[in-house]
Amino acid sequence: MKTNRFQFHVLVLPEDNADRQIANGFIKYRNVNVNQHRIQVMKELSGWENVVAKFNKNYASDMRNKFLERRVILLIDFDEDTNRLAYVKRQIPEDLENRVFVLGAWSEPERLKAELKKTFEGIGEALAQDCSDNQQTFWNHELLRHNHPELERLRSSVRPFLFE
C-alpha cells in the first residue's frame, strides 16, 4: 500500500521473505486498528547487509531532505550475533538515528515460527496485538526480547499516528 510520504509514515525494509510476511501480518491484523495508509512494507532485500546498504543509498538522503516525517524499520535477522545491533546502528547517520529502528528475531524467523507454532503472518499479528494492548507477551519471547530498547523508542515515535 502506498503512503503519503509527506505525512508521518513508516517504511519497513525487510531482510527476507519471512521478515516481510511478519511485517505484513502486523499490518493486516484485524483486531488492531493499524492505519494502513501510514505504513508500507518494501520488497525483501536478501540479507541484513543489503538492508543497511539500501537504507543508506536510497532512503537516508530523502529522510534528511524531503520526507521529514518518515520513520524506517530495518527488519533483520540477528543470527545470534551479539555485535550486530551495535554494528548496524553505527551505519545509521547520526542525524537520522532517532527515526530509524532496528528490529528482528535473535536467530532467524524460521526458528521463531517453530517455537511459537505460528505462521510468519501469525507472528506479526501477535506482535501487533502486543503493541496495541501495550503488552509484551510475545515480545518477551527469548528470540525477541533483545528488541525491547528499540521497541520502546519505536512505540513512542509511531503510536500517535500509526494506531487509530
Side-chain angles (χ1 to χ4, degrees), residues 1-3 5 9-30 32 34 36-63 67 70-93 96-97 99-132 136-155 157-158 162:
M1 181 169 293
K2 293 288 182 185
T3 59
R5 298 178 297 178
H9 67 281
V10 178
L11 290 183
V12 180
L13 304 180
E15 174 177 338
D16 55 26
N17 186 45
D19 289 319
R20 183 187 56 76
Q21 288 180 59
I22 291 170
N24 283 335
F26 185 99
I27 293 168
K28 295 176 184 176
Y29 186 47
R30 62 193 167 279
V32 176
V34 175
Q36 294 184 6
H37 298 288
R38 300 287 183 127
I39 187 167
Q40 184 176 3
V41 180
M42 308 307 285
K43 194 170 112 179
E44 62 266 15
L45 296 168
S46 302
W48 68 270
E49 291 169 314
N50 292 338
V51 170
V52 174
K54 180 86 168 184
F55 168 75
N56 281 311
K57 181 178 180 188
N58 294 70
Y59 295 97
S61 178
D62 282 348
M63 283 180 73
F67 308 126
R70 175 175 285 167
R71 307 299 188 263
V72 173
I73 298 172
L74 307 179
L75 190 54
I76 66 170
D77 304 346
F78 284 83
D79 301 317
E80 299 183 20
D81 182 343
T82 57
N83 298 314
R84 181 146 314 154
L85 178 61
Y87 176 82
V88 171
K89 289 184 80 110
R90 283 193 306 270
Q91 307 311 305
I92 298 168
L96 299 177
E97 63 188 15
R99 295 192 287 143
V100 179
F101 309 90
V102 184
L103 298 173
W106 176 244
S107 57
E108 56 187 26
E110 292 77 11
R111 183 169 160 210
L112 187 62
K113 178 182 175 184
E115 290 195 19
L116 293 177
K117 296 177 179 38
K118 292 184 174 289
T119 65
F120 292 126
E121 285 200 358
I123 294 168
E125 290 175 356
L127 297 175
Q129 185 67 53
D130 269 9
C131 286
S132 175
Q136 294 194 357
T137 304
F138 286 93
W139 287 104
N140 274 332
H141 186 278
E142 68 176 299
L143 296 176
L144 294 172
R145 71 173 63 116
H146 66 282
N147 289 302
H148 284 195
E150 287 292 283
L151 182 61
E152 289 308 311
R153 285 189 334 106
L154 177 63
R155 279 182 173 162
S157 182
V158 302
L162 191 58

Contacts of E44 meeting salt bridge (Lys or Arg N to Asp or Glu O under 4.0 Å) (sequence neighbours excluded), chain-then-number -> R20
Any donor-acceptor pair under 3.5 Å linking the side-chain atoms of R70 with those of H9?
yes
Can you name the residues that form a salt bridge (Lys or Arg N to Asp or Glu O under 4.0 Å) with E97, not counting sequence neighbours?
none
Sorted by chain and residue number, the side chain to side chain contact (heavy atoms under 4.5 Å, CB included) partners of K113 (sequence neighbours excluded) come out as F120, I123
Please determine if E150 and R153 form a salt bridge, counting it only when a charged side-chain N lies under 4.0 Å from a carboxylate O.
yes
What residues, two or more places apart in sequence or in another chain, satisfy side-chain hydrogen bond (donor to acceptor under 3.5 Å, both in side chains) together with S107?
none
Might you point out which heavy atoms bring N147 and L103 nearest each other, and give the distance in Å?
OD1-CA, 3.3 Å
Minimum side-chain heavy-atom gap I22-P109 below 4.5 Å:
yes
Partner residues of D79 under the side-chain hydrogen bond (donor to acceptor under 3.5 Å, both in side chains) criterion, sequence neighbours left out
R84
Which heavy atom of A105 sits nearest a heavy atom of L144, and at what distance?
CA-CD2, 4.3 Å
Set of side chain to side chain contact (heavy atoms under 4.5 Å, CB included) partners for T119, sequence neighbours left out
E121
Among all residues two or more places apart in sequence or in another chain, which pass the side chain to side chain contact (heavy atoms under 4.5 Å, CB included) test with N58?
K54
Residues two or more places apart in sequence or in another chain: which of them pass side chain to side chain contact (heavy atoms under 4.5 Å, CB included) with P93?
F55, N56, A60, R64, D95, L96
Quick one: closest heavy-atom pair of D130 and T137, and the distance?
OD2-N, 2.9 Å
Pairing residues for R145 by the salt bridge (Lys or Arg N to Asp or Glu O under 4.0 Å) criterion, not counting sequence neighbours:
none
F26 to A128 - nearest heavy-atom pair and separation
CE1-CA, 3.3 Å
Kindly indicate, with the supporting measurements, whether the criterion side-chain contact (heavy atoms from CB on, under 4.5 Å) is fulfilled by V100 and L74.
CA-CA 7 Å; V100 179; L74 307 179; 3.9 Å; yes
Applying side-chain hydrogen bond (donor to acceptor under 3.5 Å, both in side chains) to N140 and not counting sequence neighbours gives H148
Which class fits the ring pair W106 and F78: parallel under 30°, tilted 30 to 60°, perpendicular over 60°?
parallel
Counterpart residues, salt bridge (Lys or Arg N to Asp or Glu O under 4.0 Å), relative to E110 (two or more places apart):
none
Contacts of H141 that satisfy side-chain hydrogen bond (donor to acceptor under 3.5 Å, both in side chains) - sequence neighbours left out:
E115
